Amino acid sequence: MEAKIKAFMDEVKTRNGHEPEFIQAVQEVAETVIPYIASNEIYNGKNILLRMVEPERLISFRVAWVDDKGEIHVNRGYRIQMNSAIGPYKGGLRFHPSVNASILKFLAFEQVFKNSLTTLPMGGGKGGSDFDPKGKSDDEVMRFCHAFMLELNRHIGPNTDVPAGDIGVGAREIGFLFGMYKKIRNEFTGVLTGKGLSWGGSKIRPEATGYGTVYFAQSMLKTKNNDVSGKTVVISGSGNVAQYAAEKVIQLGGKVVTMSDSSGFIYDKDGIDEDKLAFIMDLKNNKRGRISEYVDTYSAATFHKGEKPWGVKCDIAFPCATQNELGLEHAQQLMKNGCICVVEGANMPSTADAIHAFHKAKILFAPGKASNAGGVATSGLEMSQNSLRISWTREEVDERLKGIMSDIHDSCIEFGKEDDGYCNYVKGANIAGFVKVADAMLAQGII
Ligand code: GLU
């Protein structure tokens with residue numbers, strides 16, 4: 001089996017050798033899915049995984065825009081249309097200076113499995129740009145988004161490809177992108193998700209990724225007759241996912257002691273309560289400030305410049321910032337301090353070494369493609385509401401979200417439970433995600 005996986009990865013590396021994040025994401029899937037393929041006659045010998053690692057289409061384009069001083073800038077825009085076997089391409093747009101083809105291909109590849117796990121009819125895609133919204137005025141962000149959509153519009157559509165937000169793309173950016181799409185195409189359709197509530201957005205969509213991650217943690221803890229209440233929780237990040245993960249943990253009676261951004265983390269030993277979280281949300285969403293400003297208002301808290309929060313003692317950790325933010329040493333620190341459960345809110349925040357260490361120690365570990373699927377699942381619900389031209393209540397959407405997260409958890413158990421009863425959620429998520437897409441690909445023939 002090892003030889004089979006190695007031969008497959010050698011082929012992937014030959015073609016994508018300069019794309020480390022993409023190779024990392026494929027390796028994780030290959031390790032778990034290739035043994036499954038080998039033992040299931042209907043998938044064996046059909047090169048299905050090899051077909052799945054090649055994007056159906058990769059679009060790269062120039063985005064030229066003018067800043068407030070009249071200077072012209074050029075960024076690179078992308079859309080990776082990875083797999084449309086079970087529905088239109090679906091996945092977020094990321095605006096961040098680190099964005100390149102490797103990062104977006106890893107995200108698009110993960111998205112295929114994640115979207116399949118939601119059980120909703122969505123294929124996988126991802127896009128974005130190396131544009132950095134940080135430090136830009138609202139007008140500059142608007143001009144960039146409009147320029148980006150001038151090209152992207154011809155590649156997307158409500159039945160073709162439905163982008164959404166991700167790092168650096170929130171409600172403000174989705175508004176500008178939607179406005180330009182509507183103007184060019186002269187149609188008001190659900191071509192993007194994460195829209196404002198008065199123009200086609202779904203209730204709970206802003207909360208969904210963070211809430212869903214905590215709902216998933218609840219299901220995991222329940223298998224050990226445990227729950228979130230009374231637990232000390234470490235969260236990284238302070239963007240959309242981290243904010244609503246923190247909100248849900250607080251609502252469930254957990255104590256959140258850290259949040260972070262790229263400059264460092266804050267530690268509040270008394271816990272971040274609802275009022276303090278409201279301060280962080282205003283700081284990040286409206287003032288667009290830095291997390292270090294928290295300690296200016298809450299002086300009992302400390303700011304740890306340039307550090308990650310994984311050395312803080314906790315029961316549960318939610319990495320909600322970005323890829324590869326939690327390495328082997330961090331994993332060891334967490335477990336030494338008694339952490340029993342790590343649930344990814346971001347996409348691929350744990351390195352392969354860290355994941356292997358969690359598995360070896362048999363602690364509860366959930367990969368983002370399962371535990372953060374609540375965001376895209378609620379995007380799927382937004383698409384349904386747009387098609388039906390109706391709007392579900394907050395309670396209705398939240399109930400559906402809870403049901404979807406619980407079903408994803410069950411699928412992980414079905415495919416990931418090992419002989420000793422330990423659930424390998426990585427294996428479970430990869431195989432469950434694979435099966436649905438592979439069946440559709442087989443039915444549709446070699447295309
Ligand atoms: N960017 C989010 C994710 O990683 C959401 C994608 C969407 O809603 O389409 O799943």
Side-chain angles (χ1 to χ4, degrees), residues 21 25 78-84 86-96 99 103-129 152 156-158 160-171 173-174 177-178 190-196 200-213 216 237 239-245 318-323 343-349 366-386 397 400-401 404-405 408 429 433:
E21 293 85 2
Y78 299 91
R79 187 71 182 165
I80 318 282
Q81 298 181 330
M82 200 74 192
N83 194 301
S84 61
I86 62 168
Y89 308 107
K90 179 83 196 89
L93 297 170
R94 177 175 291 193
F95 291 169
H96 191 270
V99 161
I103 301 251
L104 293 180
K105 275 171 72 179
F106 113 65
L107 289 163
F109 183 66
E110 294 248 301
Q111 199 82 43
V112 173
F113 291 80
K114 186 196 302 194
N115 294 3
S116 166
L117 281 168
T118 67
T119 71
L120 302 176
M122 299 182 289
K126 203 90 188 188
S129 174
L152 186 70
I156 62 174
T160 308
D161 184 350
V162 183
D166 196 82
I167 293 173
V169 177
E173 290 75 16
I174 293 293
L177 292 162
F178 183 80
V191 67
L192 291 154
T193 58
K195 299 183 291 296
S202 173
K203 299 200 176 72
I204 300 280
R205 178 63 191 88
E207 295 89 336
T209 315
Y211 279 16
T213 303
F216 198 88
N240 170 266
V241 184
Q243 290 174 14
Y244 288 104
F318 289 99
C320 296
T322 195
Q323 66 272 357
V343 190
E344 294 187 338
N347 291 313
M348 207 170 75
K369 61 168 83 80
S371 46
N372 77 24
V376 74
T378 308
S379 279
L381 301 179
E382 183 170 329
M383 289 166 73
S384 302
Q385 293 170 81
N386 291 163
V397 180
R400 283 176 206 261
L401 171 62
I404 290 170
M405 296 317 295
I408 296 175

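Note that ligands are numbered from 1 as they come in the structure, with each ligand's atoms numbered from 1 the same way. Everything quoted here is computed from the prediction, not taken from an experiment. Note: hydrogens, waters and symmetry copies are ignored here, and every other heavy atom, side chains too, is used.
- Taken to the nearest 0.5 Å, the CZ atom of F106 stands 8.0 Å off from the NZ atom of K126.
- Considering only non-hydrogen protein atoms, atom 3 (C) of ligand 1 sits nearest to K114 NZ, 3.3 Å.
- With rounding to the nearest 0.5 Å, the separation of NZ in K203 from OG1 in T378 is 13.5 Å.
- Between N372 and ligand 1, a contact under 3.5 Å exists for no N or O pair.
- Of all the heavy atoms of N347, the ones lying under 4.0 Å from any atom of ligand 1 belong exclusively to the side chain.
- Looking at atom 6 (C) of ligand 1, its nearest protein heavy atom turns out to be G92 N, 3.6 Å.
- Within the set R205, E382, K90, Q111, the minimum heavy-atom distance to atom 5 (C) of ligand 1 is found for R205.
- Under the 3.5 Å distance criterion, the side-chain polar atoms of S371 are left unmatched by any main-chain donor or acceptor of G345.
- Under 4.0 angstrom from ligand 1, there are no non-hydrogen atoms of M122.
- At least one heavy atom of K126 sits less than 4.0 Å from an atom of ligand 1.
- Under a 4.0 angstrom heavy-atom cut-off, R94 registers as lying outside contact with ligand 1.
- Looking only at side-chain heavy atoms (C-beta outward), I204 and L381 stay at 4.5 Å or farther from each other.
- Using a 4.5 Å heavy-atom threshold, the side chains of P88 and T160 count as separate.
- Q111 contributes no side-chain N or O that, together with a main-chain N or O of G124, makes up a donor-acceptor pair within less than 3.5 Å.
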Task: T193 and K90: CA distance, side-chain angles, deciding distance, side-chain contact (heavy atoms from CB on, under 4.5 Å) verdict - done: CA-CA 9 Å; T193 58; K90 179 83 196 89; 3.0 Å; yes
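- In terms of protein heavy-atom proximity, atom 8 (O) of ligand 1 is nearest to S379 OG, 2.6 Å.
- The heavy atom nearest to atom 7 (C) of ligand 1, considering only G165, G212, A164, is found in A164.
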